[in-house]
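Okay, structure first, notes after.
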Amino acid sequence: MMLSGLDLPKPLIEAYGKKGITELYPPQEECVKKGLLEGRNLLISIPTASGKTLVAEMAMHHHIAGKVNKGPSKGKCLYVVPLKALASEKYEEFSGKGVRIGIATGDLDKRDEYLGQNDIIITTSEKADSLLRNNTRWMNLITCLVVDEAHLIDSENRGATLEMVITKLRYLNENMQVIALTATIGNPRLFAGWLEAEHVSSEWRPVDLKEGVFYSDTIYFEEEEKKIKTPAKEDDTNLCLDCIEDGGQSLVFVSSRRNAEGFAKRMAKALEKSGFSDPALEDIQKKLEAIAETDMGKILASCTAKGAAFHHAGMKREQRHIIEQGFRDGYIKVISSTPTLAAGLNLPARRVVIRDFLRFKGGEGMLPIPVREYRQMAGRAGRPHLDPYGEAVLIAKGRDMANGLFEEFISAPAEDVKSRLDDESALCSQVLSLISTEFVKNNDDLVSFLKRTFYTFTNKKSSHLSDIVEKAVSYLEAAGMITKIDDRLFATDYGNLVSHLYINPISAEIISTVLREKQKTLLEIKRLGEVEDIKASDIGDLIKTEPAKTTKSVNPVYSIDSMKQVKSASAKSMLKKTAFTPEDISAVFSDIGLLQLLCKTPDMYTLYVRKDDLPVLESFYYAHEDELWMEISYDTMEDDFRVIKTAMLLDNWISEIGEDTICTRFGVGPGDIYNVVEGMNWLLYSASRISYMMAPDLKISVSEVELRMKNGIKRELIPLIKLKNVGRVRARRLFNNGITSPLKIKEANFDKLSAILGQKIAGQVIKQVEKEYGNINNTEIIINNTEIKKEHTLREEREDKSERRERKNRKIENQKKSAEIIKKNENFENFGNSDYEEEEKNTEQKKKNQKNKNTQRSLFEF
DNA sequence: AATGTGCCCTTCTAGACAGCATGTC
DNA sequence: CTAGAAGGGCACATT
């Protein structure tokens with residue numbers, strides 16, 4: 001079947017023609033035959049790289065051209081992906097084909113309504129859910145929904161969201177065409193049944209895939225055997241060397257980050273020994289070295305120089321991109337990777353070695369990876385148009401094992417997908433959103449809506465769902481997120497906020513319970529202050545803030561006890577304006593307490609605690625016991641320590657401790673810092689909104705931490721950071737030069753400022769300060785200076801592009817100048833919190849002590 | 001002297017979505 | 001409570 005023979009818009013056909021694609025692959029043809037262009041729902045399970053994208057594009061362009069009879073004349077398409085990186089990848093792929101493409105993820109989006117002008121909108125499933133929660137109007141106009149990796153409906157954490165997005169969208173847009181792209185699944189007919197879809201399934205690939213098991217010196221494929229030279233001792237390196245000698249590249253999947261790094265090191269040595277080298281690798285090495293601030297980065301650079309790299313989530317985005325590109329360009333010969341590369345970007349290689357097929361799971365030991373995941377890895381084998389074939393190889397340690405691996409993975413049937421909507425916490429969140437958006441108005445609505453879900457479709461007889469729905473409703477009601485008037489269900493302001501913030505209702509409850517507790521203490525201080533007429537600062541000591549008890553069970557969801565506690569404080573009395581001094585607030589508020597609270601939330605993922613961390617955590621715990629907000633209890637100790645460790649890292653971050661120090665101190669990679677900080681930013685924003693509602697006197701304190709987290713700065717830099725064009729580095733430079741506030745900038749002379757910031761920036765900063773402080777003569781901290789920033793943006797928009805270019809040039813010059821000054825102020829990095837330095841020394845001593853005594857048992861050994 | 005090898009023992013274990021409002025070095 | 005790689009420490013061999 002020829003592409004040009006189909007009733008499709010020309011730009012699409014031409015764009016593919018340019019890439020040399022004029023004819024449909026067999027599975028694509030089948031999709032067309034089964035009604036792809038007639039608006040039929042399809043469940044398409046075909047291997048990666050066999051042209052799923054084109055299938056989706058054909059349908060979407062068809063819709064956009066208004067050729068599908070259902071719905072409005074001009075169609076609008078939503079393309080749902082599981083990862084942000086995938087969203088960007090698809091954006092690139094879809095662009096330049098005559099239709100308007102928009103992208104909406106947590107990081108990247110335009111104003112919601114503006115987004116709706118596009119023909120195709122690419123989003124993550126969570127963002128799609130969020131858009132639905134905000135009643136985004138254009139969501140009602142979707143005529144074609146494409147769900148990429150739709151089997152992720154089975155994902156333990158995120159499947160429920162995807163299921164609800166599909167269900168809600170189908171409910172909103174009755175005639176919408178649904179195209180679900182999945183990996184091979186065990187129960188496609190059931191899944192297709194729910195979607196009312198035709199099922200298209202195929203094993204066809206553009207490049208042949210041979211799957212086999214390696215044992216001793218031979219790869220045993222299904223139909224052939226292949227002997228491998230074994231110059232090195234280890235099987236894994238030999239497999240890669242063999243492939244490289246043949247002109248290919250390989251990808252090695254391992255189970256842990258350390259294994260990934262360890263393998264890359266070994267592989268680099270082996271490559272060096274084999275005499276392989278490529279001058280192009282030097283450039284890559286230089287790039288990597290330039291951004292390597294940690295040991296890990298240096299190791300990465302040195303391995304990559306030899307042609308072997310590793311890839312995992314502890315790395316910086318930048319490092320990952322360099323490795324990916326180096327591999328795509330063919331310079332890097334081997335990447336050893338954790339599952340990051342299996343699920344993420346499309347980065348094929350001739351030979352894929354699945355070395356570690358067991359993965360550790362806490363509490364259950366080593367478990368074989370799911371077949372679907374094996375397939376996903378194996379599917380990476382073979383670069384279309386570049387490799388004659390692809391090979392996926394498992395490594396066996398004995399003959400029996402070889403047979404076992406064949407059965408376990410290669411010839412094993414794919415797993416079924418099942419609904420994850422029965423997860424209580426996920427369902428709770430979804431029920432709230434349904435009520436908040438008025439998708440449902442009462443209990444009956446709720447039940448009948450949920451009848452449309454995959455869960456009900458697959459569990460027709462079970463009454464389990466209605467049980468947990470009931471539970472969720474009563475939880476939400478008790479928490480004050482929804483109210484029942486007669487039969488009608490309404491979301492309260494609080495409920496709307498929680499739904500809108502997109503945080504788990506349980507997280508919200510944990511946050512607001514504790515913040516209200518704190519607010520209560522503040523009011524108590526005030527009351528005592530009025531009665532006794534003593535200074536508030538003295539009272540801080542009088543009132544011992546009891547650490548809040550979180551609900552203790554493993555599933556803290558439905559403990560009504562904590563709810564009663566919350567209800568006892570009247571919200572109305574709290575909203576009264578009260579005057580508190582900063583001392584009052586600091587008597588009940590602490591950075592580490594807040595961080596601990598938010599890390600305890602199910603929306604935050606926490607760091608793994610190693611043995612070496614325990615003494616550090618212990619001393620930290622004793623040093624800051626009073627400042628902590630949450631109790632550490634015996635039965636949740638492991639979790640509690642993870643929480644403390646994560647909170648500690650974040651506290652380091654807002655104490656301007658350098659990246660490399662944090663990495664070595666906590667045994668994490670730069671990528672982890674980024675992830676943890678990012679997650680905390682989001683929660684801090686949510687906490688500030690919740691505190692505005694529940695504990696208004698703490699709002700400023702929370703917002704301060706939020707601002708510091710965003711920038712990675714100590715409290716003292718807050719006044720400076722608010723200036724445009726001043727980030728953490730410039731703010732610190734100003735501060736170290738005695739300019740500690742905007743007012744000081746006003747007082748400082750221009751020469752001094754431009755020596756610190758460069759002329760251009762100095763000028764801009766002075767302008768801002770004059771505007772703000774022109775007539776005011778005080779040092780009041782301005783918490784919200786978005787106004788200033790808004791004005792700036794408007795002005796910038798009016799400026800010509802040529803002017804911008806000029807600016808850029810000047811900027812470069814300034815950068816050179818300021819580089820010198822930076823050198824002078826290098827001590828910024830060492831500005832670490834002396835607290836921690838001391839703790840570390842203590843720790844070392846304690847370690848020694850422990851080694852000597854080796855008998856000291858404490859609370860801290862789990 | 002510097003480096004490699006074999007062996008024992010201990011340690012440790014993947015990833016990543018979401019809000020908001022725009023711009024650091 | 002599971003499997004096994006990596007890495008450190010150490011003794012000893014090789015360049």
Side-chain angles (χ1 to χ4, degrees), chain A residues 81-85 87 104-112 123-131 133-134 152 155 157-158 161-162 233-234 236 253-263 265-266 311-314 337-344 355-369 373 397 429 497 500-504 507 603-605 608-612 667 671-672 674-676 678-679 681-689 706 710-712 721 724-731 733 757-758 761 786 789-790 792-793 796 811-812 814-815 818-819 822:
Chain A
V81 294
L83 298 172
K84 288 190 278 192
T105 66
D107 309 329
L108 306 156
D109 68 340
K110 306 260 162 58
R111 273 260 64 78
D112 295 354
T123 86
T124 54
S125 39
E126 282 76 12
K127 186 67 186 184
D129 192 21
S130 167
L131 289 167
R133 285 172 186 224
N134 291 319
L152 286 172
S155 153
N157 318 315
R158 300 171 57 199
T161 312
L162 183 57
K233 234 184 349 189
E234 304 95 351
D236 45 13
F253 285 107
V254 297
S255 66
S256 73
R257 294 176 179 188
R258 196 170 62 165
N259 288 355
E261 290 177 25
F263 175 79
K265 280 188 215 166
R266 261 171 39 222
H311 194 285
H312 60 68
S337 160
T338 56
T340 18
L341 276 185
R355 196 195 69 177
D356 301 349
F357 39 82
L358 297 177
R359 189 174 302 148
F360 182 86
K361 195 175 176 196
E364 283 168 84
M366 299 301 280
L367 298 175
I369 56 171
E373 209 176 316
K397 279 168 204 72
S429 173
L497 178 66
H500 184 79
L501 289 170
Y502 207 79
I503 61 173
N504 193 321
S507 298
D603 277 317
M604 186 73 194
Y605 67 95
Y608 184 82
V609 176
R610 301 166 308 173
K611 203 175 183 185
D612 286 358
D672 296 305
Y674 175 86
N675 284 331
V676 172
E678 205 50 23
N681 268 334
W682 168 57
L683 280 173
L684 277 165
Y685 174 76
S686 303
S688 82
R689 293 289 301 272
E706 188 196 346
K710 236 170 221 157
N711 294 287
I721 206 82
K724 205 192 158 201
N725 284 326
V726 177
R728 57 182 297 194
V729 175
R730 284 176 186 154
R733 237 187 281 163
L757 298 173
I761 306 278
T786 42
K789 295 201 173 173
K790 261 182 203 160
H792 264 274
T793 356
E796 263 177 23
K811 205 176 168 185
I812 294 167
N814 276 323
Q815 276 175 348
S818 50
I822 294 172

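We name chains A, B, ... by the order of the sequence lines, and we start the count at 1 in each one. Just so it is clear, the structure is predicted and the values come from calculations on it, not from any experiment.
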Inset, instruction - State whether the aromatic ring of A:Tyr502 stacks on the base of B:dG19, taking stacking to mean ring centres under 5.5 Å apart and ring planes under 30° to each other. - result: no
Legend entry - Ion pair check, A:Arg257 and A:Glu261, cut-off under 4.0 Å: no
Legend entry - Gap between atom NZ of A:Lys710 and atom CG of A:Asn681 - 0.5 Å precision: 6.0 Å
Would you list the protein and nucleotides 3-7 of chain B atom pairs, both N or O, that sit under 3.5 Å from each other?
from  : atom 1 : to       : atom 2 : distance (Å)
B:dG6 : OP2    : A:Lys233 : NZ     : 3.4

Inset, instruction - Answer yes or no: is there a donor N or O on one side and an acceptor on the other, between the side chain of A:Arg266 and the main chain of A:Glu234, under 3.5 Å? - result: no
Legend entry - Gap between atom OG of A:Ser686 and atom CD of A:Glu706 - 0.5 Å precision: 8.5 Å
Legend entry - Closest to side chain of A:Tyr685, choosing from B:dC20, B:dA16, C:dA5: B:dC20
Inset, instruction - Find the distance A:Arg689:CZ to B:dA18:C1' and express it as a whole number of Å. - result: 14 Å
Inset, instruction - Kindly say if A:Lys127 contacts the phosphate of B:dG19, meaning a side-chain N or O under 4.0 Å from OP1 or OP2. - result: yes
Inset, instruction - Give one of base, sugar-phosphate or nothing for A:Phe263, where a contact means two heavy atoms less than 4.0 Å apart. - result: sugar-phosphate
Inset, instruction - Could you please name the option among B:dA18, B:dC12, B:dT24 that lies closest to any side-chain atom of A:Asn725? - result: B:dT24
Inset, instruction - With the side chain of A:His312 defined as its heavy atoms from C-beta on, choose the nearest nucleotide among B:dG15, B:dA18, C:dA3. - result: B:dG15
Legend entry - Between B:dA16 (C1') and A:Trp682 (CH2): distance, integer Å: 11 Å
Legend entry - From B:dC25, B:dA14, B:dC17, nucleotide with atom closest to A:Arg730 side chain: B:dC25
Legend entry - Gap between atom NZ of A:Lys84 and atom CD of A:Glu126 - 0.5 Å precision: 10.0 Å
Inset, instruction - Mind calculating the distance between CZ (A:Arg133) and P (B:dG19) to the nearest angstrom? - result: 10 Å
Inset, instruction - Would you kindly give the CD-to-C1' distance between A:Glu126 and B:dA18, to the nearest whole Å? - result: 7 Å
Inset, instruction - Kindly say if A:His500 contacts the phosphate of B:dC20, meaning a side-chain N or O under 4.0 Å from OP1 or OP2. - result: yes
Legend entry - Any A:Ser256 side-chain nitrogen or oxygen under 4.0 Å from OP1 or OP2 of B:dC12: no
Legend entry - Check: A:Ser125 main-chain N/O paired with A:Asp129 side-chain donor or acceptor under 3.5 Å: no
Inset, instruction - Would you mind building the protein contact string for nucleotides 7-15 of chain C? One character per nucleotide, 5' to 3', B for base within reach (heavy atoms under 4.0 Å), S for sugar-phosphate only, - for untouched. - result: S--------
Legend entry - C1' gap between B:dA16 and C:dA3, integer Å: 26 Å
Inset, instruction - Return the 5'-most residue of the pair A:Pro339, A:Arg158 with respect to DNA chain B, ranking by each residue's nearest nucleotide. - result: A:Pro339
Legend entry - Which nucleotide in C:dA6, B:dC17, C:dA3 has an atom nearest any side-chain atom of A:Asn259: C:dA6
Inset, instruction - Give A:Thr105 one of three labels, base, sugar-phosphate or nothing, depending on what nucleic acid heavy atoms sit under 4.0 Å from its own. - result: sugar-phosphate
Inset, instruction - Using both pair distances under 3.5 Å as the test, note the stems of at least 3 consecutive Watson-Crick or G-U pairs that include DNA chain B. - result: B:1-13 with C:3-15
Inset, instruction - Write down the distance between CD (A:Glu364) and P (B:dA14), rounded to a whole number of angstrom. - result: 16 Å
Inset, instruction - Describe the nucleic acid contact of A:Leu83 in one word from base, sugar-phosphate, nothing, applying a heavy-atom distance below 4.0 Å. - result: sugar-phosphate
Inset, instruction - Measure from the side chain of A:Glu706, starting at C-beta and using heavy atoms only, and say which of B:dC17, C:dA6, B:dG19 lies closest. - result: B:dG19
Inset, instruction - Starting at atom CG of A:Asp107, determine the distance to atom P of B:dT22, rounded to an integer number of angstrom. - result: 17 Å
Legend entry - Separation between CG of A:Leu131 and OH of A:Tyr502, rounded to the nearest 0.5 Å: 10.0 Å
Inset, instruction - Take the protein atom CG of A:Leu131 and the nucleotide atom C1' of B:dA18, then report the distance between them rounded to whole Å. - result: 11 Å
Inset, instruction - Could you tell me whether A:Arg610 contacts a base, only the sugar-phosphate backbone, or nothing, with contacts defined as non-hydrogen atoms closer than 4.0 Å? - result: sugar-phosphate
Inset, instruction - For A:Asp236, answer base if it contacts any base atom (sugar-phosphate contacts may also be present), sugar-phosphate if it contacts only those atoms, and nothing otherwise; contact means non-hydrogen atoms under 4.0 Å. - result: nothing
Inset, instruction - Could you tell me whether A:Thr338 contacts a base, only the sugar-phosphate backbone, or nothing, with contacts defined as non-hydrogen atoms closer than 4.0 Å? - result: sugar-phosphate
Legend entry - Closest non-hydrogen atom pair, A:Asp356 against A:Ser255: OD2-N, 2.8 Å
Legend entry - Under-4.0 Å side-chain N/O to phosphate OP1/OP2 contact, A:Lys611 with B:dC12: no
Legend entry - Nearest heavy atoms of A:Ser429 and A:Arg133, plus distance in Å: OG-NH2, 3.3 Å
Inset, instruction - Using distance alone, with no hydrogens and no angle criterion, decide if A:Ser507 and A:Asp603 have a side-chain donor and acceptor under 3.5 Å apart. - result: yes
Inset, instruction - Show your reasoning for whether side-chain contact (heavy atoms from CB on, under 4.5 Å) applies to A:Asn134 and A:His500. - result: CA-CA 7 Å; A:Asn134 291 319; A:His500 184 79; 2.5 Å; yes
Inset, instruction - Please work out if A:Lys710 contacts a base, only the sugar-phosphate, or nothing of the nucleic acid, heavy-atom cut-off 4.0 Å. - result: base
Legend entry - pair A:Trp682-A:Leu501: side-chain heavy atoms closer than 4.5 Å: no
Inset, instruction - Return the value, rounded to whole Å, for the distance between atom CG of A:Leu757 and atom P of B:dT24. - result: 12 Å
Inset, instruction - Measure from the side chain of A:Asp603, starting at C-beta and using heavy atoms only, and say which of B:dA18, B:dA16, B:dC12 lies closest. - result: B:dA18
Inset, instruction - Side chain of A:Arg257 only, please: which of B:dG15, B:dA18, B:dC25 is the nearest? - result: B:dG15
Inset, instruction - May I ask you to say what A:Arg355 touches in the nucleic acid, namely base, sugar-phosphate or nothing, with a heavy-atom cut-off under 4.0 Å? - result: sugar-phosphate
Inset, instruction - May I ask you to evaluate whether A:Ser130 reaches the phosphate of B:dG19, defined as a side-chain N or O under 4.0 Å from OP1 or OP2? - result: yes
Inset, instruction - For side-chain contact (heavy atoms from CB on, under 4.5 Å), just list the numbers for A:Tyr685 and A:Ile503, CA-CA rounded to whole Å, side-chain angles, deciding distance to a tenth of an Å, and then say yes or no. - result: CA-CA 11 Å; A:Tyr685 174 76; A:Ile503 61 173; over 6 Å; no
Inset, instruction - Measure the CD1-NZ distance between A:Ile761 and A:Lys724 for me, rounded to the nearest 0.5 Å. - result: 9.5 Å
Inset, instruction - Select base, sugar-phosphate, or nothing to describe what A:Glu373 touches, counting heavy atoms under 4.0 Å on all strands. - result: nothing
Inset, instruction - Indicate, with a heavy-atom threshold strictly under 4.0 Å, whether A:Phe360 touches base, sugar-phosphate, or nothing. - result: base
Legend entry - Distance, nearest 0.5 Å, that separates CG of A:Asn504 from CE of A:Met604: 14.5 Å
Inset, instruction - Name the residue closer to the 5' end of DNA chain C, choosing between A:Lys361 and A:Asp356 according to the nucleotide with the nearest heavy atom. - result: A:Lys361
Inset, instruction - Could you check whether A:Asn681 gets within reach of a base, just the sugar-phosphate, or nothing at all, counting any heavy atom under 4.0 Å? - result: base
Inset, instruction - Using only side-chain N and O atoms of A:Arg266, determine if any of them is under 4.0 Å from OP1 or OP2 of C:dA6. - result: yes
Inset, instruction - Would you mind classifying the nucleic acid contact of A:Gly362 as base, sugar-phosphate or nothing, using non-hydrogen atoms under 4.0 angstrom? - result: nothing
Inset, instruction - Please confirm whether the backbone N or O of A:Asn725 pairs with a side-chain atom of A:Arg730, one donor and one acceptor, at under 3.5 Å? - result: yes
